[in-house]
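In what follows, a structure is listed as structure tokens, so that the remarks can point back to it.
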Amino acid sequence: MLERSITIFDNKTELLIKEIVITPNFSLLKKKYKEELNTDPLLYYEYEIKKDDVEFYKKLIDIDFEFDKYSYFLSCSEVK
């Protein structure tokens with residue numbers, strides 16, 4: 001089973017600060033990342049979340065993005 005999360009890294013230290021598990025419907029992610037599906041059909045790779053992506057992610061999770069302090073990524077991992 002695949003689990004997707006938002007990983008948050010400190011911009012100064014580059015250390016992982018937090019990982020927030022999200023459970024979006026995969027079809028929502030497919031719409032958002034339609035171009036990436038050509039090379040990554042299951043969206044295994046990490047994708048940086050940018051300011052332009054905030055509206056999309058705010059629909060999935062209640063989070064306050066602080067891009068001046070942190071970097072955000074959509075991540076995928078396997079859960080058994």
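Quick caveat, the model's predicted, so the values are computed rather than measured. In what follows, residues are counted from 1 in the order of the sequence shown. All values below come from the heavy atoms of this structure, side chains included, with hydrogens, waters and symmetry mates left out.
The OG atom of Ser71 sits 8.5 Å away from atom CG of Asp10, with the distance rounded to the nearest 0.5 Å. In this structure, the separation between CZ on Phe56 and OH on Tyr33 is 6.5 Å, given to the nearest 0.5 Å. With rounding to the nearest 0.5 Å, the separation of OH in Tyr44 from OG in Ser77 is 11.5 Å. One distance of note links CG of Leu74 with CG of Leu43; it measures 7.0 Å at 0.5 Å rounding.
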Check against side chain to side chain contact (heavy atoms under 4.5 Å, CB included), Ile8 and Phe65: CA-CA 10 Å; Ile8 305 169; Phe65 289 94; over 6 Å; no
ring-ring contact (aromatic ring centres under 6.0 Å, His included) between Phe9 and Tyr70, worked out: CA-CA 5 Å; Phe9 293 89; Tyr70 308 109; over 10 Å; no
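Between Tyr57 and Ile6, the shortest heavy-atom distance links the atoms CD2-CD1, 3.9 Å. Residues Pro41 and Phe26 approach most closely at O-CZ, 3.8 Å, considering heavy atoms. The two residues Val79 and Glu3 have their closest heavy-atom pair at CG2-CB, 3.3 Å.
In this structure, Phe67 and Tyr72 have perpendicular ring planes: the angle between them is above 60°, well past the 30° mark.
Taking a 6.0 Å sphere around CD of Glu14, one finds it holds 12 or fewer heavy atoms contributed by other residues, nucleotides or ligands.
Here salt bridge (charged side-chain N to carboxylate O under 4.0 Å, His left out) pairs that include residues 34-47, with residues two or more places apart or in two chains, number zero. Counting only residues at least two apart or on different chains, the salt bridge (charged side-chain N to carboxylate O under 4.0 Å, His left out) pairs with a member in residues 61-70 are Lys58-Asp64, Glu66-Lys69.
For Glu78, there are no salt bridge (Lys or Arg N to Asp or Glu O under 4.0 Å) partners, not counting sequence neighbours. With sequence neighbours left out, Lys50 forms a salt bridge (Lys or Arg N to Asp or Glu O under 4.0 Å) with no residue at all. Remark: Asp53 pairs with Lys32 by the salt bridge (Lys or Arg N to Asp or Glu O under 4.0 Å) rule, at least two apart or across chains.
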Please report, to 0.1 Å, the donor-acceptor pairs under 3.5 Å made by any side chain of residues 16-24, with sequence neighbours excluded.
unit_1: Glu19; atom_1: OE2; unit_2: Ser5; atom_2: OG; d: 3.1

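Grouping the Ile, Leu, Val, Met, Phe, Trp and Tyr side chains by contacts below 4.5 angstrom, directly or via other members, places Phe73 apart from Leu29.
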